[in-house]
Colleague: 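My structure is below; once you've seen it, I'll send some questions.
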Amino acid sequence: MAASSNSSLSGSSLSSDPDDYQPPIWKSYLYQLQQEAPRPKRVTCPQEMESRPKYYGREFHGMISREHADDLLAGTEGAYLIRESQRQPGTYTLALRFGPQTLNYRLFYDGKHFVGEKRFESVHDLVTDALITLYIETKAAEYIAKMTTNPIYEHLGYTSLLKDKTVHRLSRGRTEPRRVTFQRDERISSPLVRRSALKDTPERQSSYEKIHNFKVHTFRGPHWCEYCANFMWGLIAQGVRCSDCGLNVHKQCSKLVPSDCQPDLRRIKKVYSCDLTTLVKAHNTTRPMVVDMCIREIELRGMKSEGLYRVSGFSEHIEDVRLSFDRDGEKADISASAYADINIIAGALKLYLRDLPIPVITFDLYSKFIQAAKIPNAESRLEAVHEGLLQLPPAHYETLRYLMAHLKRVTMFEKDNLMNAENLGIVFGPTLMQPPEQNALTTLNDMRQQKLVVQLMIEHEDVLF
């Protein structure tokens, strides 16, 4: 039966042209097994048990031995009862007949019934799911072990089509990180400020990859895995669903799915506090819209504003801007007619960067940048910062590159706005860099290095990016 179900995914239904795509034929073998699985049969106690917990029914038989339970269930596939443990009074055991033996599970209740990770509203549902799982994993163990060897994922029409569109769009607007080598040139006063003092090496190839955000999901009605095309068995928590793009797969298949999540805008509930890569992929842009729109507005009318980025805007108005982006996206109105004070727009940009669940300089690279800032030799320090930048996720790198180029332009108006690279480093250091352990003492101790990292990126923006 397993062999015939493998061949049900006909090659004729697949096409390299997305326009000719035909849905794959879902494999039915595991679905058929679920239909064949034994049904639960409750074995009730003939008398009322005073010690019965209120969350159990007549299937509770009190404190009986394992042997007695086995006798009560003998010969009836799917029969079950609950007994109180003789060895540990106050604890309960689910006795379930499957095949020629009685299986015993420690049973728990915390508002829902469970013996493992899954939690059920009733013992009957728990037993139903257990019988399905036991039956399928017994009958189809070899089939399940091999079901990921011939995935249909790459042939799914919507997957390949979205991937093609995204790569095409992003390849037009993305700036690839440049790997550079810092070397001394005695002919110029500072070897770190001119491109002529650099020797280019091959560029790092990158793309806006994004891992899927899988979460355990209960599917109502039959569902098939979109990676291996096999049925997702069980009563609840049959598989996982990507909360960003909606991909449905087995838990074991989720480990094999490529990092090619293309978020669905309908699933993105907000702009602020949304993962940076998720947001840019959902909107098919190279950078978050908040960054582009705020910087555009600031450069239009705020570059000479005294204390730009240091002076705080009215917090309620900054919150209004946040709500506007969350509600209207790229249609948000942040013009002078809506918010005359440019510090409100600057504050909204800082708030966006500060509220990212993963900072622009990611948690896993935080210590690398802090250590780089502690290097006494200027050239080695800059080299270490550059190496850290090359390890950033592409969307983070592009956002940081664009922001640093903007802040470099801000410093060109220092005579008016009084904001040099050091002042901007003080403002943006804790915004762009946050320690992974969120320890206030660590943040306080690292403030000097945070400031220096941002200051260096501003001053040497043309070299580092």
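Fair warning: this is a prediction, and the values are worked out from it, not measured in the lab.
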Colleague: A side-chain contact here means heavy atoms from C-beta on lying under 4.5 Å apart; do W224 and M232 qualify?
Modeller: no

Colleague: Given 3.5 Å as the limit, does a donor-acceptor pair link the side chain of H406 with the main chain of V291, or not?
Modeller: no

Colleague: Tell me yes or no: between the side chains of E137 and T133, is some donor less than 3.5 Å from an acceptor?
Modeller: no

Colleague: Parallel, tilted or perpendicular for H124 and Y80, by the 30°/60° rule?
Modeller: perpendicular

Colleague: Pairs in or reaching into residues 312-324: which pass salt bridge (charged side-chain N to carboxylate O under 4.0 Å, His left out), with residues at least two apart or in two chains?
Modeller: E319-R322, R322-D326

Colleague: ring-ring contact (aromatic ring centres under 6.0 Å, His included): which pairs involve residues 245-271, sequence neighbours left out?
Modeller: W233-H250

Colleague: Which heavy atom in T362 sits nearest to a heavy atom in L392, and how many Å separate them?
Modeller: N-CD2, 4.0 Å

Colleague: Could you tell me whether the side chain of P53 reaches within less than 4.5 Å of the side chain of Y109, counting heavy atoms only?
Modeller: no

Colleague: Looking at every heavy atom in both V43 and A79, which two are closest together, and how far apart are they?
Modeller: CG2-CB, 3.9 Å

Colleague: Any sub-3.5 Å donor-acceptor pair from S122's side-chain atoms to D125's backbone N or O?
Modeller: yes

Colleague: Just checking, is any N or O donor in the side chain of Q252 or Y227 under 3.5 Å from an acceptor N or O on the other one?
Modeller: no

Colleague: Using the salt bridge (charged side-chain N to carboxylate O under 4.0 Å, His left out) rule, collect all pairs that involve residues 111-124, keeping only residues at least two apart or in two chains.
Modeller: D110-R119, K112-E121, E117-K251, K118-D129

Colleague: Hey, is the main chain of A348 close enough, under 3.5 Å, to the side chain of Y272 for a donor-acceptor pair?
Modeller: yes

Colleague: Any heavy-atom pair between the side chains of I136 and I144 that's under 4.5 Å?
Modeller: yes

Colleague: For a side-chain contact (heavy atoms from CB on, under 4.5 Å) check, start with the C-alpha distance between R267 and S243, then their side-chain angles and the critical distance, and finish with the verdict.
Modeller: CA-CA 7 Å; R267 297 178 179 273; S243 59; over 6 Å; no

Colleague: What I'd like to find out is whether the side chain of T431 reaches to under 4.5 Å of the side chain of V454, using heavy atoms alone.
Modeller: no

Colleague: Just verifying a value: how many Å separate C261 SG and H212 NE2, rounded to the nearest 0.5 Å?
Modeller: 5.0 Å

Colleague: Hey, mind stepping through K350 and V427 against side-chain contact (heavy atoms from CB on, under 4.5 Å) and telling me if it holds?
Modeller: CA-CA 9 Å; K350 290 189 295 181; V427 172; 3.7 Å; yes

Colleague: May I ask you to test the N343-S312 pair for a side-chain heavy-atom distance under 4.5 Å?
Modeller: no

Colleague: Should we count CD of E142 as having more than 12 external heavy atoms under 6.0 Å?
Modeller: no

Colleague: Assess whether side-chain contact (heavy atoms from CB on, under 4.5 Å) is satisfied between R97 and T102, documenting all intermediate values.
Modeller: CA-CA 4 Å; R97 190 73 178 182; T102 297; 2.9 Å; yes

Colleague: Report yes or no: is the cationic atom of R401 (NZ for Lys, CZ for Arg) closer than 6.0 Å to the six-membered ring centre of F465, at no more than 45° off its axis?
Modeller: no

Colleague: Under 4.5 Å between any side-chain heavy atoms of D341 and F314, yes or no?
Modeller: no

Colleague: More than 12 heavy atoms of other residues, nucleotides or ligands under 6.0 Å from CZ of R42: yes or no?
Modeller: yes

Colleague: If I compare all heavy atoms of L131 with all of A37, which pair ends up nearest, and what's the gap?
Modeller: O-CB, 4.2 Å

Colleague: What distance separates N213 CG from S254 OG, expressed to the nearest 0.5 Å?
Modeller: 11.5 Å

Colleague: Do any side-chain atoms of residues 87-94 form donor-acceptor pairs under 3.5 angstrom with protein atoms, and if so which ones, sequence neighbours left out?
Modeller:
unit_1: T91; atom_1: OG1; unit_2: Q88; atom_2: O; d: 2.6

Colleague: As an exercise, state the distance from CZ of R241 to NE2 of H223, rounded to the nearest 0.5 Å.
Modeller: 5.5 Å

Colleague: Apply side-chain hydrogen bond (donor to acceptor under 3.5 Å, both in side chains) to R381 and list each qualifying residue two or more places apart in sequence or on a separate chain.
Modeller: none

Colleague: At what distance, to the nearest 0.5 angstrom, does SG of C242 lie from NE2 of H217?
Modeller: 12.0 Å

Colleague: Would you list the pairs meeting salt bridge (charged side-chain N to carboxylate O under 4.0 Å, His left out) in which at least one residue belongs to residues 268-277, sequence neighbours left out?
Modeller: none

Colleague: Atom CD in E67, atom CG in L72: separation rounded to 0.5 Å?
Modeller: 12.0 Å

Colleague: Drop me the distance from Y309's OH to I345's CD1, to the nearest 0.5 angstrom.
Modeller: 10.5 Å

Colleague: Where is the tightest heavy-atom contact between I358 and H396, given as atom of each residue plus distance?
Modeller: O-CE1, 3.6 Å

Colleague: Give a yes or no on whether the backbone of F231 and the side-chain of W26 come within a donor-acceptor separation of less than 3.5 Å.
Modeller: no

Colleague: Flag yes if more than 12 heavy atoms outside K41 fall under 6.0 Å of its NZ atom; otherwise flag no.
Modeller: yes

Colleague: Do you know which two heavy atoms are closest between P435 and Q450, and how far apart they sit?
Modeller: CD-NE2, 4.3 Å

Colleague: Do you know which two heavy atoms are closest between R83 and S65, and how far apart they sit?
Modeller: CD-O, 4.1 Å

Colleague: Start with the C-alpha distance between L134 and L96, add both sets of side-chain angles, then the distance that settles side-chain contact (heavy atoms from CB on, under 4.5 Å), and finish with yes or no.
Modeller: CA-CA 11 Å; L134 287 167; L96 172 64; 4.1 Å; yes

Colleague: Step through the shown structure and confirm whether more than 12 heavy atoms of other residues, nucleotides or ligands are within 6.0 Å of CZ on R39.
Modeller: yes

Colleague: Is a side-chain donor or acceptor of Q262 paired with a backbone partner of K281 at a separation under 3.5 angstrom?
Modeller: yes

Colleague: Is the backbone of L356 close enough, under 3.5 Å, to the side chain of S273 for a donor and an acceptor to pair up by distance?
Modeller: no

Colleague: Counting C-beta onward and ignoring hydrogens, is there a side-chain heavy-atom pair between V271 and V290 closer than 4.5 Å?
Modeller: yes

Colleague: Check L276, L432, L400 against L353 for a side-chain contact (heavy atoms from CB on, under 4.5 Å) and give me the one that passes.
Modeller: L432

Colleague: Mark yes when over 12 heavy atoms from residues, nucleotides or ligands other than I375 sit less than 6.0 Å from its CD1; otherwise mark no.
Modeller: yes

Colleague: Has R58 got a side-chain atom pairing as donor or acceptor with C45's backbone, closer than 3.5 angstrom?
Modeller: yes

Colleague: Is there side-chain contact between L107 and Y56, with heavy atoms separated by less than 4.5 Å?
Modeller: yes

